[in-house]
Amino acid sequence: MSGSEEEPRIGVFVCHCGHNIAGTVNVEEVAQMASKLPGVVFATDEMFMCSDAGQVLIKDKIAEHNLNRVVVASCSPRMHEPTFRRVVEEAGLNRYLFDQVNLREHVSWCHMREPEKATEKAKDLVRMSVARAAKLQNLPVKKVSVLPTTMVVGGGIAGLRASLDIAERGFDVLLIEKTSKLGGNVAKWTHLFPTDESGADIIKPLIRDVKKHNRITILTDSKVSEFDGYIGNFGVTVKNLKTQKEQRYEVGTVIVTTGFEPFKPFGYYSYGESPDILTLAELQELTPSEQLLKPSDGKPVKKMVFIGCVGSRLPGVKGHEHCSRHCCSATAKAAADLRDSVEEVLVLYQDIRTYGKGHEEFHRMARQKHVIYSKFPQNEFPQVTVKKGKLTITWRDVLAAEDLSFEPDIIVLATAMIPPEDVEETSHLFSLTRSGDGFFNPEHIKLAPLTTHTAGVMIAGAAQAAKNASEAVIDASGAAAKAVGLMAQGEVEIESTVSHVIPELCSSCHTCLTACPYTAISMDETKDPPVAFVTEAKCHGCGTCAAACPSSAIVMYHSTDDQILTMVEAFLCPAPEAQGGS
Amino acid sequence: MTKKASSALVVGGGVAGMQAALDIANQGFKVYLVERSPSIGGRMAMLDKTFPTLDCSACILTPKLSEVSRHPNIQLMTLSEVGSVTGSAGDFKVKIRRKARYVREDLCSGCGDCEANCPVEVANEFDQGIGFRKAIYALFPQATPHIYTVDKENCTDCGRCVKVCERNAIDMNMKDKFVTLDVGTIIVATGFELFDITQYPRLGYGQYPNVIHAMEFERLINAAGPTHGHLVRLSDGKKPKSIGFIQCVGARDVQKGVPYCSRVCCMYSIKNAVMALEHDPQAEVWVYYADIRAFGKGFEEFYEMAKSRFGVRFVRGRVAEVMEGKASHDLVVKVEDTVTSKVRLIEHDLVVISPGVIPSSGMDTMAKKLGIDQTDDGYIEISHSFFGPTVTKIPGVFVCGCADGPKDIPDSVSAGSAAAMKATIILSSGGK
Amino acid sequence: MTDQTKTESPINHAPSSGFAKEIEQEPGGEGIMKCIQCGMCTASCMVASMTERYRPRKLIQKILLGKREEVLTSELPWLCMTCKLCEERCQEDVDLSQIFTAVREIAAREGYVPPVFQNTIEKVLEDGWMLNDAYTDFEEDDRSDLGLDPDLGWNNEFTKKIKKRYFKGGDAK
Amino acid sequence: MKEFILYTGCTTPVRLPAYERAVEVVLEKLGVKLTTMKDANCCGAQYIESVNHVAYSAMSGRILAIAESMDMDILAICGACSGSLKHVKHELDNNKELRNEVNDILEEEGLKYTGTVEVKHLLQIFREDIGYDAIKSAVVNPYKDVRLAAHYGCHVTRPEEIVHVDDAENPTIIDRIIEAVGGIPVDYTGKTRCCGGPLLAMDEEVANAIGRDKIENIRAENADGIVTACVFCDIQLTQVQFGEGSNDKPKIPVITLPQFLGPAIGIDFNSLGIHLNKISPEAILEAH
């Protein structure tokens, strides 16, 4: 490990972050203190370390004082560790000789009202980081190749779009669909509200193009049963649900487009007690006809009611707290269209969220066509009763302060978008986390909505959150771009902050295998006795294994026991100032 | 077939444009990123926090900024505008006007000595005119590229900056330059502007000092902003104890020619309401709305939290009038709580208007140059909401972000990536 | 209404778009369906600020729900000052004063005209103008002093014709 | 010399003749000739308007037709009248059926509506036909240190797209005239709100509360007087300052625009009928 044995020459840079940090922490004082610490040859404070000016400063000082360790005391490493690692690297240092202290989230933001104590805490953290920095070691920067094939999981509108884009861009696609048909929910919908097209009109051309594209391999009635490997080199076992036959494939990237499922609202508004109470999805699946007919007796529908937010926007009800986004616009369009043949159409709502392009027009059109909109109270839901097949609904109209009742021929419930029933399986398979709405978490909710914390695995469409089909299509192309980006580069860097098993110390107890949340550890059967080994590209460096190992046979690179204990030491017994300075 | 131009032009350096540029560049294609202001970053750079996670906007944006500026395949062209466009998919010729910056990009290190010595102070557009900047300036601390710019209109040619610049980077005789780019594809990411709310005299913006708009509020609560993040009234510097947020101004207004929903106002106002309470938990914060449109991932949950945990008060009713006490400059909002049918006069120290989103200025000429259509609302027309949500009627020309309609950040980012995908298909097939 | 009737179904009103359609057919009533109930009108209305009983937004919603009898027989449609401040501001471009005028016209046909209105209507149709009996010697003198013609020369034939043609027998039915 | 036919309406001649007179003398001085319409009828505003749309259209239509027969544009000095005439003109111009119906009645007295005449409210005459500069140059003894609140009148300015008088949410004509003659126009809360007049019949209490609210908003800006451009508003804003519910605070003079303008361009109080104003405005009108 060359370059890290020599005498540490540490540079400390304390960031003001505008007034985010400097407004609470006395940054000059912190830098002052740092300059006296052992091994520190330079320390200063700066307005924005992440700005170009700040980055240039680091490089200049590395050259000027020929620093071999850099500590930046600023914000959470989550955002800027990559930035500063790159900076020290550009200045000729190994990226792992950099350490970051979080003075913003961990100090200034949470101790705003007690600046003195905050400054003391800041000093402690910097002192600990400097001590650790002295112990930091070079780590190799590793790259892995990326296989030029993407596996797309889910053959709905998003999966089809992503597959086609990738194929047209010149890469191979393995498209997995668990049902026997491509097209997902959209294909089922004879009328794709809020548009004028039928689901088939939208999906047929897509399916046709996907089917005839020679770069796309389609596996229907199939599910991924095993998933291993790492970014660029995933191993997949696909099981045919009919034949139960399994087949292995190697892919470089993955796009998960497993979509959603329309919530079946049993327990809401007497759903299930009458065939004339159906969900918006079920309405969209009815075979189109001049006149909407009652499912129960096939008679024409004269009066109907839509109810919004069914199984959505319910605080405290797990998996049903989110807004399902597409329903308001879909309902407005459905109501407007059906009003032509139905004498009375009511929409019972909480808020009207016709946010999208042209959606406000659907809402206006519905009203223009005499659809009656009635807002019901937040915590006083309409009551639906079924007596001898006859539907009655009673509710309070908030805006007219009137108690109302109505006897519709059918009631349509605009129900929530929820994840498919096998979502848990999928999330384990690809190590994806899920948010409160039950859908998969993106890597970053604002700036990385399509990538996930599993490198090489993308999400798109309703797999990520409730969305309408158009939005899913945009996601799909976006996720395709991410996959192609990786494949076009051909290789990708991987983290070196991984765990390592020292074979001599391993007692083959398998504890680490069960401890690892990423199935990154397996047994090397070629050894006798078999010993554990880490697949580095899969390891997230969480350290669970190292902690679990009863024979301390596992090292966490970049968080070695030594590196951690010196921090504890630095905190408990601060080095006397005298010792500091140059 | 003969390989044609294998590079792309992205117009607009906001978050959508940056994302598009990155996703094209990461596939190994050359990208020219043209931005008319002195720095990339767009509107997002002006925001304080972002909904629904309250991430610090500048903090999550900065890595993108440096990623773009350092990408070997991306050439930044700031202070630049698109001129004439000729050719077709796979083979466009685009004239770019590179406005004189009066500072040599190859020499300036962004040290700031010039700014420190500049005697001229002018209203800072980045801070919505609340704060000041010098006549030689960088738009914001993380401005990218971090190169200074001379604002000739306000510069007095005193020559001090020229003297102090150790690298002799300042050249007051610089002239506009014109370059012609050969590109295979063009992505329009020209973003949005805010509706001019002085068109609502009844709400008092421009007449009453303590009626401000949301972007001004963002700068006021921003630690790097003109007040160092201290939320104060512009009339007397007092901390507002009661704040009212007014929704649907310049949005969902048929009479004002903006019939559509702006998509972001509900959430940014809820976010700002929460931030106001973060700054002063004792404050009273009200939001006046017609419908709360919290439709994105985590939005409804955030709205719920704003109500239950932070105690933001929501009143369903559009505000008819804002009145001012002449001496105190305190404000009174007149509204009907439509849920209780009560007409309410509610006093506030500060009123924040949420302006709707409109197409960015120059959209019309941009559309003409490219030969693409616009919607009635002035945004760029997309070919089909399912088959081509980022596709325009001109092959090889794509659109993303708010250029084709209001979008929040994640939707703009996705669209940026999507447009990039379409663009690279063109590039890899040489325009077919 | 007693409490018992408030919640239980059979007595509750059943929404119907009939009344709104009827109003749409009247001149001025065309825009009724555009209302999204934002409350801009009530908040702009000076009558609403001075009395609890008048809420233009709520009145529109009652119409949209089809509460025909209640609306036609109530004084509410007659409380609009037609100052049009709400119309100037309505973001959906609903002309409330014209809608309420349309409602009044329907009410009038069915004989629901507030007495004060009825009296003035009679007067105007009889005399051709509003202040015939208020025009006394006092005013005449004032006019002469000012050099104005004391003879106002109002025409009362035309309104009689109008009355015959549009007001059967004279009352507004 | 521009010429208009003056439609006085029902109320001005009886309740506010001074306004009528002031209009005549001031406009004459500023180069506008007036002929008063005879054999006219009520425009039908509010009352007939509320119960029978066709009858209402016919009544206003007849007034328009009379003006046509004399080939002169109409000057209306009452908000209700100008509102009705403009509104009905708009409908007759855009609704053939209605026009035929109306003409069918008018025919009997040889009248016909074809849409050739314009309807203008007094404020338009000042802005369009005379102009602020002409007014300025006509001033012989400008006002000094008088603060005046303008009240425009709802039917004068709304609906903007039909009456085309001024910016409905931010009207300025009266204020600019006040300025032109040396007065200080003062802004006040609820400037474009109604005076309450139209509600007197249905609910006098509420109507007066609305009027008094306006008076108090104006008082809050320490205005010396109120300048109006509609007979109903003028009467309403005056009468609410008397009788029960009115407080004992000093009364604020209410002056019609021509009465305020007159003295500045050298017209004596008598010709303007100042002595007839219920709350004497002399203190204001003498502030030169």
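Basis for what follows: all heavy atoms, side chains included, without hydrogens, waters or symmetry-related copies. Order of the sequence lines sets the chain letters (A, B, ...), proteins ahead of strands, with each chain counted from 1. None of these values were measured; they are calculated from a predicted model.
Ring pair F376(A)/F381(A) is tilted by interplanar angle, where 30° to 60° counts as tilted. Aromatic ring orientation, Y54(C) versus F100(C): perpendicular (interplanar angle above 60°, classes split at 30° and 60°).
The candidate from A20(C), S16(C), A14(C) with the greatest count of non-hydrogen atom pairs under 4.5 Å with chain A is S16(C).
Within 6.0 Å of atom CZ in F138(C), 12 or fewer heavy atoms from other residues, nucleotides or ligands are found, so the atom counts as exposed in its surroundings.
Proximity to chain A is absent for every atom of R55(C), based on heavy atoms less than 4.5 angstrom apart. When heavy atoms are compared at a cutoff of 4.5 Å, I372(A) approaches chain C solely by way of its side chain, counted from C-beta outward.
Proximity to chain C at a heavy-atom threshold of 4.5 Å picks out H363(A), R364(A), R367(A), Q368(A), H370(A), V371(A) from residues 349-371 of chain A, in numerical order. At a heavy-atom separation below 4.5 angstrom, chain C is approached by R339(A) within residues 327-340 of chain A. Contact annotation for residues 23-36 of chain C against chain A (heavy-atom separation below 4.5 Å, listed by residue number): E24(C), M33(C), K34(C), C35(C), I36(C).
Side-chain atoms of Q464(A) and D475(A) include no donor-acceptor pair closer than 3.5 Å. D201(A) and S198(A) are linked by a side-chain donor-acceptor pair at a separation below 3.5 angstrom, with hydrogens and angles left out of the test. If you check the side chains of S17(C) and E344(A), you find a donor sitting under 3.5 Å from an acceptor. If you check the side chains of S324(A) and S312(A), you find a donor sitting under 3.5 Å from an acceptor. For the residue pair Q98(C)/T101(C), the side-chain donor-acceptor check at 3.5 Å is not satisfied.
In terms of heavy atoms, L280(A) sits closest to F306(A) at CD1-CE2, 4.2 Å.
For K264(A) and E282(A), the salt-bridge test passes: some basic side-chain N is under 4.0 Å from an acidic carboxylate O.
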Handout entry: side-chain contact (heavy atoms from CB on, under 4.5 Å) assessment of E139(C) paired with L131(C)
Key = CA-CA 11 Å; E139(C) 287 77 17; L131(C) 298 177; over 6 Å; no
Problem - Worked verdict on V113(C) versus W78(C) for side-chain contact (heavy atoms from CB on, under 4.5 Å) - result: CA-CA 9 Å; V113(C) 181; W78(C) 304 86; 4.0 Å; yes
Problem - Test side-chain contact (heavy atoms from CB on, under 4.5 Å) applied to I393(A) and I307(A), step by step - result: CA-CA 11 Å; I393(A) 176 166; I307(A) 304 178; 3.6 Å; yes
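In this structure K58(C) satisfies the side-chain hydrogen bond (donor to acceptor under 3.5 Å, both in side chains) test with no other residue, sequence neighbours excluded.
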